[in-house]
S.K.: 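Shown below is the structure under consideration.
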There are 4 protein chains.
Amino acid sequence: MSVNKVILVGNVGKDPEVKYLDRNVAVANFPLATTERGYKTSTGIEVPERTEWHNIVLWRGLAETAEKYVKKGSQLYIEGKLQTRSWEKDGVKRYTTEIVADVMQFLGKRADSGQDNGTVSNSQETPAAQNSFEAPASDDSADDLPF
Amino acid sequence: MSVNKVILVGNVGKDPEVKYLDRNVAVANFPLATTERGYKTSTGIEVPERTEWHNIVLWRGLAETAEKYVKKGSQLYIEGKLQTRSWEKDGVKRYTTEIVADVMQFLGKRADSGQDNGTVSNSQETPAAQNSFEAPASDDSADDLPF
Amino acid sequence: MSVNKVILVGNVGKDPEVKYLDRNVAVANFPLATTERGYKTSTGIEVPERTEWHNIVLWRGLAETAEKYVKKGSQLYIEGKLQTRSWEKDGVKRYTTEIVADVMQFLGKRADSGQDNGTVSNSQETPAAQNSFEAPASDDSADDLPF
Amino acid sequence: MSVNKVILVGNVGKDPEVKYLDRNVAVANFPLATTERGYKTSTGIEVPERTEWHNIVLWRGLAETAEKYVKKGSQLYIEGKLQTRSWEKDGVKRYTTEIVADVMQFLGKRADSGQDNGTVSNSQETPAAQNSFEAPASDDSADDLPF
DNA sequence: TTTT
DNA sequence: TTTT
């Protein structure tokens, strides 16, 4: 009964920090900037450009891809969900909102991503494969459906 | 290097048609309506309400869920991708655009969906599981309102 | 060069708080919950259900609509953007991430929203009107099911 | 009570065709390709790469921007809605599904778009302006809200 | 008909 | 802290 989805296109603020946890599970973090253009209202008021910084978190395969290919300045498409974590500092409870990514796309001209195609996701196979587990994909090809 | 995503909230036009293909792979089809309110332009012209019909296609587990729980009139959230198929009729090539769903959500009051939660997806586990890490989520549980 | 978009479907945690600022500009705030189902990993670990709370902010017309029709428990579709504000408490800088909504949809059975259709947006006319062309839409009306 | 949203990132297949209708209203059309990577299933079957072609339609200001800056090969982010039109050819009714865009973003390195920032939308001002009609934006700056 |  |  619920949907929690974030879609961002922006630029990476610094190289990812990657950690390896138990069982060698990788986690990566980096900031992503989205910038809204400034404009002038109909009443002549200047609204300045505004940059928003987003904390991106990636797990496992996506984190490993980020470690290899994401750099400060990279332009990315990110799809994920919002998650707020709490932590303590000096006895004060604080909250951080992060975007936990499921899909990461490299945009713009191929840099050195080494991917045939810029798409990566955290499903076991490619995103397309989310609809074709266990049985061969040829069986569920929509192209030969007789209707 | 690409994204193909559709997000719909609408009402089902008729009960799903479900077929079982080779290896018992299920496919379901049904029409989903989205309706844009009519309005009046600043120049006083009436733009009527407009209903758009979308061909929804679901595979495997999602198709089986649709068979059981989706009915004419159901309100659904659908996330998927656009796909255009071609077919011939009377020697004329024709095209049909469909939304192949990855995520289907039952909205509104719980009917008899039998799901604890109305969300279903075509990944092997739940959507959350796409990032599943074996570590407990309890430490950063946001179950208590942080504001 | 950037995109900052959030899409949520969830339930309102408490009645909106609405303030009127200078020039009678309305702002509304309320928490929205999204819940991810719990599941069991392939290695047998139980991942519990997880509720995420989102701070929704609405301005002007949307805030006034929220004041009238949004209640604790309402099921809503929200589309907006992420925005992080900073503020100080006890000399400590703190951050809050909010979703500033452009589109709010009432889901589920019609309560008493008083709208012909549950959609509301902050554009001057309806969302459809963003592309409003003064020509009639009747020629390409898709009101009859094309399949 | 409904949502009809499409989000695409892809490459333009040919230069836009632009027409000017009554009252000088511009309409632009072009094909946009999204490509899903091929992959191998767990049972060893090769699923080939698949390209999907989308018919993009833009009105007014967006059409004029497309006329100036969109070229064959351009990488774009498109946000819009699905719309199916019917037309007749040789006495046979046929249907075409199009994406009517509200938002168009130029991705990748700046070519010669001439925009300070690649974002364009069909609202009267910039997307940000959708939340600030009539009154100055300074009044509704979230930054000085005392809550 | 694009892109990798 | 990015990008334009």
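Since the structure is predicted, the reported quantities are computational estimates derived from the model, not experimental observations. Numbers restart at 1 for each chain; the letters A, B, ... are given by sequence-line order, proteins then strands.
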S.K.: In this structure, how many angstroms lie between the C1' atom of E/dT3 and the CD atom of D/Glu49, rounded?
M.R.: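 Rounded to the whole Å, the gap is 9 Å.
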S.K.: When we call it a touch if two heavy atoms are under 4.0 Å apart, what does A/Lys14 touch: a base, just sugar-phosphate, or nothing?
M.R.: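 If one applies the 4.0 Å heavy-atom cut-off, A/Lys14 turns out to touch a base.
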S.K.: Nearest whole Å is fine: how far is E/dT4 P from A/Gln105 CD?
M.R.: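 Rounding to the nearest Å, CD of A/Gln105 and P of E/dT4 are 13 Å apart.
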S.K.: Check the distance between F/dT2's P and D/Leu107's CG and give it to me in whole angstrom.
M.R.: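 From D/Leu107 CG to F/dT2 P: 20 Å.
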S.K.: Would you check if the side chain of D/Asn4 reaches a backbone N or O of B/Leu8 as a donor-acceptor pair within less than 3.5 Å?
M.R.: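 Looks like no, no N/O pair under 3.5 Å.
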S.K.: How many whole angstroms separate atom CG of A/Asn29 from atom P of F/dT1?
M.R.: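 Answer to the nearest Å: 18 Å.
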S.K.: Can you name the residues that form a salt bridge (Lys or Arg N to Asp or Glu O under 4.0 Å) with B/Glu79, not counting sequence neighbours?
M.R.: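 Counting only residues at least two positions away or on another chain, B/Glu79 forms a salt bridge (Lys or Arg N to Asp or Glu O under 4.0 Å) with A/Lys5, B/Lys5.
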S.K.: For A/Gln75 and E/dT4, what is the distance between atoms CD and C1' respectively, to the nearest whole Å?
M.R.: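 Atom-to-atom, A/Gln75 to E/dT4, this comes out as 16 Å.
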S.K.: For D/Lys72 and E/dT3, give me the distance from atom NZ to atom C1', rounded to whole Å.
M.R.: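 Distance check: D/Lys72 NZ to E/dT3 C1' gives 12 Å.
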S.K.: Tell me: CZ of D/Phe106 to P of E/dT3, nearest whole Å?
M.R.: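 So the two atoms are 16 Å apart, to the nearest Å.
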S.K.: How would you list, by chain and number, every residue that makes a side-chain hydrogen bond (donor to acceptor under 3.5 Å, both in side chains) with D/Thr34, sequence neighbours excluded?
M.R.: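 For D/Thr34, the residues satisfying side-chain hydrogen bond (donor to acceptor under 3.5 Å, both in side chains) (neighbours in sequence not counted) are D/His54.
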S.K.: For A/Trp53 and F/dT2, do the ring centres fall under 5.5 Å apart while the planes stay under 30° apart?
M.R.: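 One would not call A/Trp53 stacked on the F/dT2 base.
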S.K.: For the side chain of D/Ser74 and the backbone of D/Leu76, is there at least one donor-acceptor N/O pair under 3.5 Å apart?
M.R.: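 No, D/Ser74 side chain to D/Leu76 backbone: no donor-acceptor pair under 3.5 Å.
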S.K.: Remember a base hit wins even if backbone is also touched, and classify D/Thr51 as base, sugar-phosphate or nothing at under 4.0 Å, heavy atoms.
M.R.: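 Since a base atom lies under 4.0 Å of D/Thr51, the category is base.
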S.K.: Once you round it to whole Å, what is the distance between P of F/dT2 and CZ of A/Phe30?
M.R.: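 Computing the A/Phe30:CZ to F/dT2:P distance gives 15 Å.
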